[in-house]
Amino acid sequence: MPTNRPVRVRFAPSPTGDLHVGNIRTALFDWAYARHTGGTFIFRIEDTDTDRVTDEYIAAALDTLRWLGLNWDEGPEVGGEYGPYLQSQRLDIYAEYAAKFLAQGDAYYCYCSAEELEARREAQRAANVAPGYDGKCRSLSAEEVSAFVALGRKPVVRMRMPDGETTFTDLIRGEVTFDHNFVPDFVLARGDGSPLYTLAVAVDDVLMKVTHVLRGEDLLSSTPRQIRVYQAMGLTPEEYPAFAHLPFVMGQDNAKLSKRNGEVSIAWYRDAGYLPEAICNYLALLGWSPGDDREDVSREEIAELFTVERVHSSPARFDMKKLEAINGDKIRALELDDLLARVTPFLHRDGVIEGTAAELAVVKLTLPLIQERIATLAEVSAMVKFLFVKEFAIEADSLPKVSDEQSQSVLQVALSTLESVADWKHADIEAALRTALIDGLALKPRIAFGAIRIAVTGSHISPPLFESMELLGRERSMARIAGAVK
RNA sequence: GGCCCCGUCGUCUAGCGGCCUAGGACUCUGGCUUCUCAAGCCAGCUACGAGGGUUCGAAUCCCUUCGGGGCUACCA
């Protein structure tokens with residue numbers, strides 16, 4: 001375990017799809033640990049699986065991390081003295097180490113074909129033996145090798161696992177031991193010479209001087225293999241990273257998060273109107289807690305308070321309801337101009353506004369009315385739409401509530417009452433309508449104002465009525481009420 | 001199957017031998033407030049998986065068991 005080395009932490013996703021909440025929780029903890037210790041946060045792309053990683057996913061990963069405010073000190077676009085930070089650009093380095101391990105006798109060429117390996121694994125399973133490489137090519141004679149070569153076989157480079165066991169101290173789980181009987185010889189490089197994760201990750205972590213590896217629990221059982229590579233590199237535990245395996249973030253259905261779930265990609269949350277600071281806040285609470293009862297934490301506070309010791313060892317279920325609650329709190333805490341800036345793209349996207357200065361001015365006046373009524377930015381469109389629609393129409397499910405006799409008379413009285421409102425301000429509008437309808441007709445407020453609300457906004461759910469009417473203006477308000485009268 | 005990890009309210013968690021007849025948050029239920037919906041405020045429901053130990057004393061330590069998960073690839 002590293003001692004006295006400056007802390008260097010990396011987040012190293014393999015972008016085979018959009019980054020999901022589990023990835024981001026890991027990124028957040030990596031970032032927080034680096035920031036908390038005053039260390040360096042490195043962003044590295046593990047794109048050794050060229051069949052599955054695409055440039056679009058890589059670009060999306062950068063974008064997502066930046067959007068969340070998890071800025072990296074070294075990595076793509078910012079560079080750093082240990083780059084490049086895309087593994088696809090470091091292939092020669094891995095090849096060099098593979099050759100070195102081969103020369104040292106730590107690794108060997110394995111000529112077994114995929115079909116042969118699969119057949120043998122099948123046999124092992126049938127015989128109820130632990131499946132894994134059986135060591136067939138561990139000590140091939142020169143004749144056997146030339147026979148394979150004559151067949152045109154391209155060998156993989158396979159690491160030799162010596163007898164014994166590997167023990168390491170996981171910062172979250174304590175001491176973990178793996179018997180090598182259950183860690184078979186593993187492949188470092190494919191037949192075409194390209195590296196596998198186990199080789200690339202270990203080499204890069206060392207070369208990039210990473211001191212702490214905080215990653216998903218699914219990689220726990222690959223750690224002895226990684227340590228084996230360190231040993232082949234001639235390193236002692238003080239010289240290679242310490243490990244901390246983070247618990248899983250599980251889906252609502254209690255299954256491991258997967259792209260199947262749909263609502264797991266961070267891009268989805270962004271489009272759904274969740275704030276990056278809310279996502280960070282919520283994710284920080286998944287598998288970690290500040291230790292006291294506080295649940296409202298900013299990114300800065302997370303960085304300040306984060307310690308690996310406080311990370312849970314058990315998995316956490318992702319709860320959209322709680323994220324929503326936190327998101328609502330964060331929205332309510334936003335300054336008006338900030339909220340306006342964040343909401344505008346959604347209004348534009350939803351076709352509610354075109355983005356003119358006049359429209360934005362109206363939106364800005366409306367925002368204070370709805371700020372405490374929304375849990376996501378995306379909800380704003382539906383709430384302010386009535387102020388901008390060209391073709392006004394009452395929602396189908398609200399329509400019956402203005403068609404009855406009582407509502408109709410309310411609307412007629414309202415119409416004549418509003419004629420005489422001199423100053424079209426919400427307080428005056430309210431006073432006039434209260435006098436006429438509540439006092440005059442002895443109606444319950446919810447009945448009287450309910451009908452007007454539907455006539456004016458088109459829905460039985462809306463921002464406060466009188467303010468809405470003021471914003472809409474006398475002309476349109478009254479025209480809509482008139483339009484609702486049969 | 002084997003190896004490894006994990007197990008406190010429905011969910012996220014506090015708890016690291018006595019402060020726990022288990023605290024907070026979200027959800028849910030009821031109420032207050034109220035021009036709708038929210039927000040806000042108040043109240044309530046609900047948990048230490050089970051069984052053995054250790055100890056004066058266990059949610060906290062040990063063992064077993066049950067349950068969940070991961071890995072078992074020329075994926076990461």
Side-chain angles (χ1 to χ4, degrees), chain A residues 12-16 46-49 51-53 110 112-114 117-118 121 124-125 128-133 154-158 170 172-173 176-179 181-184 186-192 194-198 200-201 215-224 245 247-248 250 252 254-256 282 285-296 312-326 328-329 332 370-375 379 383 398 430 433-434 437-438 444-450 452-454 457 459-466 468:
Chain A
S14 178
T16 56
E46 312 234 321
D47 54 349
T48 53
D49 185 356
D51 290 345
R52 296 166 67 214
V53 177
C110 170
C112 297
S113 71
L117 290 172
E118 186 46 45
R121 265 197 296 271
Q124 287 169 325
R125 272 190 281 266
N128 216 356
V129 181
Y133 190 68
K154 292 266 192 255
V156 301
V157 179
R158 196 178 283 277
D170 185 282
I172 293 170
R173 289 150 215 284
V176 183
T177 299
F178 288 87
D179 187 324
N181 286 321
F182 307 108
V183 186
F186 56 97
V187 177
L188 294 169
R190 299 182 177 89
D192 65 4
S194 64
L196 268 83
Y197 170 78
T198 324
V201 71
R215 66 196 337 184
E217 176 186 350
D218 48 335
L219 268 354
L220 182 61
S221 50
S222 84
T223 307
H245 288 92
F248 284 119
M250 321 255 271
Q252 319 247 41
N254 199 12
K256 190 193 172 196
Y282 175 64
L285 266 21
L286 242 39
W288 176 82
S289 78
D292 49 26
D293 283 338
R294 96 175 89 173
E295 300 220 318
D296 179 10
H312 253 242
S313 49
S314 52
R317 236 81 44 191
F318 185 85
D319 182 10
M320 182 100 75
K321 280 281 190 355
K322 182 136 184 178
L323 202 215
E324 221 174 271
I326 289 176
D329 288 341
R332 263 163 253 132
I370 62 173
Q371 186 164 17
E372 67 182 23
R373 300 182 147 69
I374 54 172
E379 291 168 39
M383 293 205 142
S398 296
E430 176 170 7
L433 289 175
R434 275 192 189 280
L437 296 166
I438 313 304
K444 287 201 164 116
R446 61 182 305 132
I447 302 292
F449 300 143
I452 301 174
R453 177 187 314 283
I454 293 169
T457 70
S459 171
H460 63 281
I461 298 172
S462 83
L465 178 59
F466 312 112
S468 296

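What you see is a predicted model, and the numbers here were worked out from it, not measured in a lab. Letters A, B, ... are given to chains in the order of the sequence lines, protein chains preceding strands, and every chain is numbered from 1.
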K.L.:
Between B:A58 and B:A50, how far is it from one P atom to the other, in whole Å?
P.N.:
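After rounding to an integer number of Å, I get 15 Å for this pair.
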K.L.:
Could you tell me the Watson-Crick or G-U partner of B:A43, where both distances fall under 3.5 Å? Say none if there is no partner.
P.N.:
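Because both required distances fall under 3.5 Å, B:A43 counts as paired with B:U29.
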K.L.:
Stepwise, does the side chain to side chain contact (heavy atoms under 4.5 Å, CB included) test hold for A:Glu379 with A:Arg373?
P.N.:
CA-CA 9 Å; A:Glu379 291 168 39; A:Arg373 300 182 147 69; over 6 Å; no
K.L.:
Indicate, yes or no, whether a donor-acceptor pair under 3.5 Å links the base of B:U72 to the side chain of A:Arg125.
P.N.:
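Counting by modelled atom types and ignoring angles, no donor-acceptor contact under 3.5 Å is found here.
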K.L.:
Picking from B:A76, B:C35, B:C3, which would you name as closest to the side chain of A:Pro445?
P.N.:
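Within the option list, the nearest is B:C35.
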K.L.:
Would you say A:Arg173 places a side-chain N or O within less than 4.0 Å of OP1 or OP2 belonging to B:C5?
P.N.:
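Indeed not, no polar side-chain atom of A:Arg173 lies that close.
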K.L.:
Which nucleotide, B:A76, B:G40, B:C12, lies nearest any side-chain atom of A:Glu46?
P.N.:
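Looking only at side-chain atoms, A:Glu46 lies closest to B:A76.
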K.L.:
Can you tell me the Watson-Crick or wobble partner of B:A14, both distances under 3.5 angstrom?
P.N.:
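Matched B:A14 with nothing under the 3.5 Å cut-off.
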K.L.:
So that I can tick it off, tell me whether A:Arg125 and A:Glu118 are bridged by a salt bridge, with the cut-off set at under 4.0 angstrom between side-chain N and carboxylate O.
P.N.:
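Counted as a salt bridge, because a side-chain N and a carboxylate O are separated by less than 4.0 Å.
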K.L.:
Looking at B:U36, B:G40, B:A14, which one has an atom nearest to any side-chain atom of A:Arg453?
P.N.:
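Looking only at side-chain atoms, A:Arg453 lies closest to B:U36.
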K.L.:
Tell me which nucleotide among B:U13, B:U36, B:A76 gets nearest to the side chain of A:Leu219.
P.N.:
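Side chain of A:Leu219 sits closest to B:A76.
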K.L.:
Just compare B:C5, B:C6, B:C74 and give me whichever is closest to any side-chain atom of A:Leu196.
P.N.:
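Closest nucleotide among those given: B:C74.
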K.L.:
On a whole-Å scale, what distance lies between the C1' atoms belonging to B:C61 and B:C48?
P.N.:
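Rounded to whole Å, the distance is 15 Å.
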K.L.:
Can a side-chain donor-acceptor contact be found between A:Ser313 and A:Arg173 if the only test is distance below 3.5 angstrom?
P.N.:
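A:Ser313 and A:Arg173 do not have a side-chain donor-acceptor pair below 3.5 Å.
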K.L.:
Any side-chain donor-acceptor pair under 3.5 Å between A:Thr457 and A:Arg453?
P.N.:
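Not at all, the side chains of A:Thr457 and A:Arg453 share no donor-acceptor pair under 3.5 Å.
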K.L.:
Which whole number of Å gives the distance between the P atom of B:G67 and that of B:C74?
P.N.:
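Each nucleotide's P atom is 32 Å from the other's.
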K.L.:
Would one find a side-chain N or O of A:Thr48 under 4.0 angstrom from OP1 or OP2 of B:A76?
P.N.:
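Indeed, a polar side-chain atom of A:Thr48 lies that close.
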K.L.:
Looking at B:C12, B:G24, B:C35, which one has an atom nearest to any side-chain atom of A:Leu286?
P.N.:
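For the A:Leu286 side chain, the nearest candidate turns out to be B:C12.
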K.L.:
As an exercise, state the distance from CZ of A:Phe466 to CZ of A:Phe449, rounded to the nearest 0.5 Å.
P.N.:
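The distance works out to 3.5 Å.
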K.L.:
Within the 4.0 Å heavy-atom criterion, would you say A:Val156 contacts the bases, only the backbone, or no part of the nucleic acid?
P.N.:
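Base contact.
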K.L.:
Check if the side chain of A:Glu295 and the base of B:G24 share a donor-acceptor pair of N or O atoms closer than 3.5 Å.
P.N.:
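Donor-acceptor pair under 3.5 Å: yes.
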K.L.:
Given that A:Pro464 and A:Tyr197 both sit by RNA chain B, which one's nearest nucleotide is further toward the 5' end?
P.N.:
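Comparing both residues, the 5'-ward one is A:Pro464.
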K.L.:
In terms of side-chain geometry, is the basic nitrogen of A:Arg294 or A:Asp292 positioned less than 4.0 Å from the acidic oxygen of its partner?
P.N.:
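So A:Arg294 pairs with A:Asp292 through a salt bridge.
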K.L.:
Considering only atom P, compute the distance from B:G23 to B:C62 and round it to an integer number of Å.
P.N.:
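Approximately 26 Å lies between the P atom of B:G23 and that of B:C62.
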K.L.:
Would you mind telling me which of B:U27, B:G2, B:G69 lies closest to the side-chain atoms of A:Phe248?
P.N.:
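Selected nucleotide: B:G69.
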K.L.:
Tell me which nucleotide, if any, is Watson-Crick or G-U wobble paired with B:G67 when both distances must be under 3.5 Å.
P.N.:
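Result: B:C6.
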K.L.:
I want to verify a distance call: between B:G69, B:U13, B:G7, whose nearest atom is closest to the A:Ser313 side chain?
P.N.:
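The listed nucleotide nearest to A:Ser313's side chain is B:G7.
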K.L.:
Tell me which nucleotide among B:C5, B:G10, B:G23 gets nearest to the side chain of A:Val176.
P.N.:
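Nearest to the side-chain atoms of A:Val176, counting from C-beta on, is B:C5.
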K.L.:
Using only modelled atom types and a 3.5 angstrom limit, is any donor from either the side chain of A:Arg373 or the base of B:C37 paired with an acceptor on the other?
P.N.:
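Yes, a donor-acceptor pair under 3.5 Å.
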K.L.:
In whole Å, measure the gap between the P atoms of B:U36 and B:C20 for me.
P.N.:
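Taking atom P in both B:U36 and B:C20, they lie 42 Å apart.
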K.L.:
How would you label the contact of A:Thr177 with the nucleic acid (heavy atoms, under 4.0 Å): base, sugar-phosphate, or nothing?
P.N.:
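A:Thr177: backbone/sugar contact only, no base atoms under 4.0 Å.
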K.L.:
B:U29 and B:U46: how far apart are their C1' atoms, nearest whole angstrom?
P.N.:
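Approximately 12 Å lies between the C1' atom of B:U29 and that of B:U46.
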K.L.:
Does A:Thr16 make a side-chain N or O approach to OP1 or OP2 of B:A76 shorter than 4.0 Å?
P.N.:
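It does not, given that no N or O in the side chain of A:Thr16 lies less than 4.0 Å from OP1 or OP2 of B:A76.
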K.L.:
Write down the distance separating the P atoms in B:U60 and B:C28, rounded off to the nearest Å.
P.N.:
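Straight-line distance between the two P atoms is 33 Å.
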K.L.:
Start at the 5' end of RNA chain B and walk down; is the nucleotide closest to A:Lys322 or to A:Pro155 reached first?
P.N.:
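Whichever sits nearer the 5' end wins; that is A:Lys322.
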K.L.:
Counting only side-chain heavy atoms from C-beta out, which of B:G24, B:U36, B:C5 sits nearest to A:Ser462?
P.N.:
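Taking heavy atoms from C-beta onward, the closest nucleotide is B:U36.
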K.L.:
Using the P atoms only, state how far B:C63 lies from B:C6, rounded to an integer number of Å.
P.N.:
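Rounded to whole Å, the distance is 13 Å.
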K.L.:
So A:Gly191, base contact, sugar-phosphate only, or nothing? Heavy-atom distance under 4.0 Å.
P.N.:
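Counting heavy atoms under 4.0 Å across all strands, the contact made by A:Gly191 includes a base.
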K.L.:
Applying the Watson-Crick and G-U wobble criteria at under 3.5 Å, what pairs with B:U21? Answer none if nothing qualifies.
P.N.:
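Because no pair has both required distances under 3.5 Å, B:U21 counts as unpaired.
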K.L.:
Measuring to OP1 and OP2 of B:C74, would you say a side-chain N or O of A:Arg121 lies under 4.0 angstrom away?
P.N.:
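Yes.
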K.L.:
Look through every strand shown and name the nucleotide pairing with B:U72 as Watson-Crick or G-U wobble, where both distances are under 3.5 Å.
P.N.:
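WC or wobble partner is B:G1.
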K.L.:
For B:A14 and A:His312 - does any side-chain N or O of the residue sit under 4.0 Å from the phosphate oxygens OP1/OP2?
P.N.:
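So the side chain of A:His312 is within the cut-off, an N or O lying under 4.0 Å from OP1 or OP2 of B:A14.
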K.L.:
Side-chain contact, heavy-atom cut-off 4.5 Å: A:Leu196 with A:Arg190?
P.N.:
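In short, these two side chains touch, coming nearer than 4.5 Å.
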K.L.:
Check whether NZ of the Lys or CZ of the Arg A:Arg158 lies under 6.0 Å from the centre of the six-membered ring of A:Tyr133 and within 45 degrees of that ring's axis.
P.N.:
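Positive - A:Arg158 is close enough to the ring of A:Tyr133 and near enough to its axis.
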